[in-house]
Amino acid sequence: MSSHNIRISVNEKTYRSTVDSRITLLDFLRNDLSLTGTHVGCEHGVCGACSILYDGTPVRSCSLLAIQADKRQITTVEGLCNADGSPGVLQKAFCDAHAMQCGYCTPGMLISAHALLEQNSNPSADEIKESIGGNLCRCTGYIQIIEAVQLASQRLRNSR
Amino acid sequence: MKSAPFDYVLAKSIYEATRYLAEGEGEAAVLAGGQTLMPMLSMRMARPSVLVDINGITDLSGIEENNTAIEIKACTRQTELLNSPIVKYHLPLLAQALTFVGHSQTRNRGTIGGSLAHADPASEIPLVALALDAEICLSHVESSRQIPATEFFLGPMMTVCEPTELLVSVHFPLTKKESRVGTGFHEMSERHGDFALVAAAAKIELDNKGSCIDAAIALGGVDGTPVRVTALEKKLRSNGISDNTLESAMELAIPEILEDLNPVSDQHATADYRKRIAAILALRAINDAITEAKGNIA
Ligand code: FES
Ligand code: FES
């Protein structure tokens with residue numbers, strides 16, 4: 001098994017490391033960087049719990065190798081909070097709209113919803129559904145998650 | 001679920017990638033978008049000795065238009081295809097089908113070449129390639145070849161692409177814009193974004209009087225590979241079916257023609273159910289194609 005030197009930026013902080021070729025970006029974030037906000041669900045690209053932003057684009061970190069993040073900008077759910085560590089607008093909206101129960105899917109939902117709101121400041125319910133279509137939730141029934149994203153988009157628009 | 005050990009190399013050119021594949025002597029695997037390979041590695045259904053990463057090869061990404069064809073490079077992401085005005089204008093069938101492919105996160109990584117090379121019998125991109133008479137370009141370290149989609153797929157997850165070959169691009173022939181062409185795509189799946197139980201693609205060309213002069217009908221999920229329903233195409237092309245009788249003629253013909261299909265029964269659906277919805281989806285796809293073609297008078 002080959003090992004490789006990588007330099008990766010996660011939540012605007014640069015890390016240098018040596019990784020074995022088979023280590024996924026998901027395992028690297030959690031085990032090497034202790035960023036355990038990104039969750040391990042199915043590990044084969046089905047559930048979306050491991051979603052992150054890869055150069056700003058939402059992707060599944062279990063389906064990428066850590067080596068493939070060399071020289072890339074990664075954002076994890078930890079990167080969505082305010083500078084002082086308090087919950088960001090979207091995260092606060094998830095709390096206020098009761099958009100989580102066990103919380104397992106939440107980091108992935110937040111990443112997908114964040115990416116949507118970056119592109120579209122006033123998404124329709126259908127657009128929200130489309131954006132979180134690849135994130136499975138076994139608890140909420142999705143309704144409150146959609147409402148939370150709508151609430152966040154409203155608050156973001158009001159604050160502009 | 002962690003993958004078995006493998007080596008990793010980042011190829012910088014098509015030549016370098018094919019050299020790595022040749023050196024791998026059949027044990028190397030190509031890493032493109034990773035949306036199928038990575039799950040297969042973590043489930044240990046694939047155990048390559050080396051992964052050849054082609055994501056850094058600029059020559060493998062992009063959509064080009066010339067006088068006769070649209071060429072799509074293998075590593076072009078599905079999201080890029082979905083957003084491409086060239087695809088929307090010249091290959092509406094591909095654009096329609098792509099909305100059924102996975103989810104935005106998987107389309108952001110997943111590539112057109114990866115879907116073709118993986119050759120799942122129920123996946124949308126191989127089905128469209130077959131319906132549109134695409135040609136697939138394969139490169140070997142010493143040679144290259146171009147294979148029609150009709151000869152490319154051999155069985156479930158099996159193609160003519162050798163382990164030492166790299167799928168570099170797919171060419172879709174251009175249709176003359178003066179003709180009245182319409183396309184339709186329908187599929188049935190358990191959840192949106194899942195692999196289809198059955199999918200149907202249709203492309204219909206009408207003459208000025210509204211008679212069908214050319215037809216391509218393809219179905220996915222009804223056999224080991226996507227299939228062209230040539231008997232149905234022939235029936236559509238045969239004279240005597242006028243604009244008005246086309247639809248009712250189709251309705252009568254479909255069940256009989258679909259008798260020849262060989263779908264499997266599995267935990268998702270029985271073979272019989274697959275056949276029945278194949279007939280319905282084919283009819284819907286043909287209907288959409290005809291309606292669109294009628295509106296497309298040059
Ligand atoms: S853990 Fe990555 S998609 Fe489920
Ligand atoms: S809150 Fe439990 S899985 Fe979504």
Side-chain angles (χ1 to χ4, degrees), chain A residues 1-6 19-27 31 40-72 108-109 111-113 115-116 119-120 126-136 142, chain B residues 1-11 20 28-29 31-56 75 77-80 82-83 98-111 114 118 189-195:
Chain A
M1 186 165 43
S2 50
S3 61
H4 305 261
N5 296 324
I6 59 169
V19 290
D20 284 341
S21 46
R22 67 166 158 176
I23 301 302
T24 62
L25 179 56
L26 170 62
D27 283 341
N31 302 342
V40 187
C42 62
E43 292 191 282
H44 65 276
V46 175
C47 70
C50 66
S51 300
I52 53 137
L53 301 179
Y54 180 85
D55 284 342
T57 308
V59 297
R60 302 185 179 321
S61 63
C62 69
S63 304
L64 276 166
L65 296 171
I67 324 162
Q68 294 184 289
D70 186 30
K71 304 188 191 72
R72 303 286 179 168
M109 291 288 180
I111 288 286
S112 295
L116 172 70
Q119 307 269 321
N120 183 342
D126 279 344
E127 286 167 334
I128 296 170
K129 278 186 206 164
E130 174 66 30
S131 80
I132 61 166
N135 297 85
L136 298 183
Y142 302 99
Chain B
M1 297 194 308
K2 308 294 174 193
S3 65
F6 51 77
D7 288 336
Y8 166 94
V9 287
L10 180 65
Y20 283 132
L31 176 61
Q35 300 306 293
T36 315
L37 181 59
M38 291 293 293
M40 282 171 66
L41 289 173
S42 78
M43 292 188 276
R44 301 209 174 189
M45 285 158 70
R47 288 168 169 259
S49 62
V50 56
L51 284 197
V52 181
D53 187 345
I54 59 168
N55 284 281
C75 222
R77 312 278 167 203
Q78 291 152 5
T79 298
E80 187 182 338
L82 203 50
N83 295 334
L98 279 163
T99 62
F100 293 94
V101 178
H103 305 284
S104 57
Q105 289 100 325
T106 61
R107 288 194 297 263
N108 285 340
R109 290 297 297 169
T111 66
H118 181 55
S189 60
E190 283 161 288
R191 288 166 299 258
H192 183 81
D194 284 2
F195 276 113

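Letters A, B, ... mirror the listed sequences (proteins, then strands); counts begin at 1.
Between chain A and the residues B:Leu37, B:Leu51, B:Leu31, the most heavy-atom pairs under 4.5 angstrom are made by B:Leu31. Of the listed residues (A:Asn135, A:Val59, A:Thr57, A:Val40), the one with the most heavy-atom contacts under 4.5 Å to chain B is A:Val59. The choice from A:Arg60, A:Glu130, A:His44 that makes the most heavy-atom pairs within less than 4.5 Å of chain B is A:His44.
For A:Leu64, the parts sitting under 4.5 Å from any heavy atom of chain B are the backbone and the side chain alike. Heavy atoms of B:Asn55 lying under 4.5 Å from chain A belong exclusively to its side chain. For a residue to count as touching a neighbouring chain, one of its non-hydrogen atoms must lie under 4.5 Å from one of that chain's; by this rule A:Asp20 does not touch chain B. For a residue to count as touching a neighbouring chain, one of its non-hydrogen atoms must lie under 4.5 Å from one of that chain's; by this rule B:Arg191 does not touch chain A. At a 4.5 Å heavy-atom cutoff, A:Ile111 makes no contact with chain B through either its backbone or its side chain. For B:Met1, the parts lying near chain A are the backbone and the side chain together; criterion is any non-hydrogen pair under 4.5 Å. The contact between A:Ser131 and chain B is made entirely by backbone atoms, counting heavy-atom distances below 4.5 Å. Only the side chain of B:Asp53 has a heavy atom closer than 4.5 Å to any heavy atom of chain A. Heavy-atom distances place the side chain of A:Thr24, and not its backbone, under 4.5 Å from chain B.
In this structure, B:Met45 places its CE atom where only 12 or fewer heavy-atom neighbours from other residues, nucleotides or ligands lie under 6.0 Å away.
In terms of heavy atoms, B:Gln35 sits closest to A:Ser63 at NE2-CB, 3.8 Å. Across all non-hydrogen atoms, the minimal contact from A:Ser21 to B:Tyr8 is CB-CB, 3.7 Å. Closest non-hydrogen pair, A:Tyr54 versus B:Arg109, comes out as CE2-NH1, 3.4 Å.
Side-chain contact between B:Leu41 and A:Arg22 is absent, with no heavy atoms from C-beta onward closer than 4.5 Å.
Note that the CE atom of B:Met43 and the CD atom of A:Glu43 stand 11.0 Å from one another [nearest 0.5 Å]. Atom-to-atom distance recorded for B:Ser3:OG and A:Leu65:CG is 7.5 Å, nearest 0.5 angstrom. Within the model, atoms CD1 of A:Ile132 and NE2 of B:His103 stand 11.0 Å from one another, a figure rounded to the nearest 0.5 Å.
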Candidate pair A:Asp27 and B:Lys2, rule side chain to side chain contact (heavy atoms under 4.5 Å, CB included), full reasoning: CA-CA 10 Å; A:Asp27 283 341; B:Lys2 308 294 174 193; 2.7 Å; yes

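Without hydrogens or angle criteria, B:Asn108 side chain to A:Pro58 main chain gives a donor-acceptor distance under 3.5 Å.
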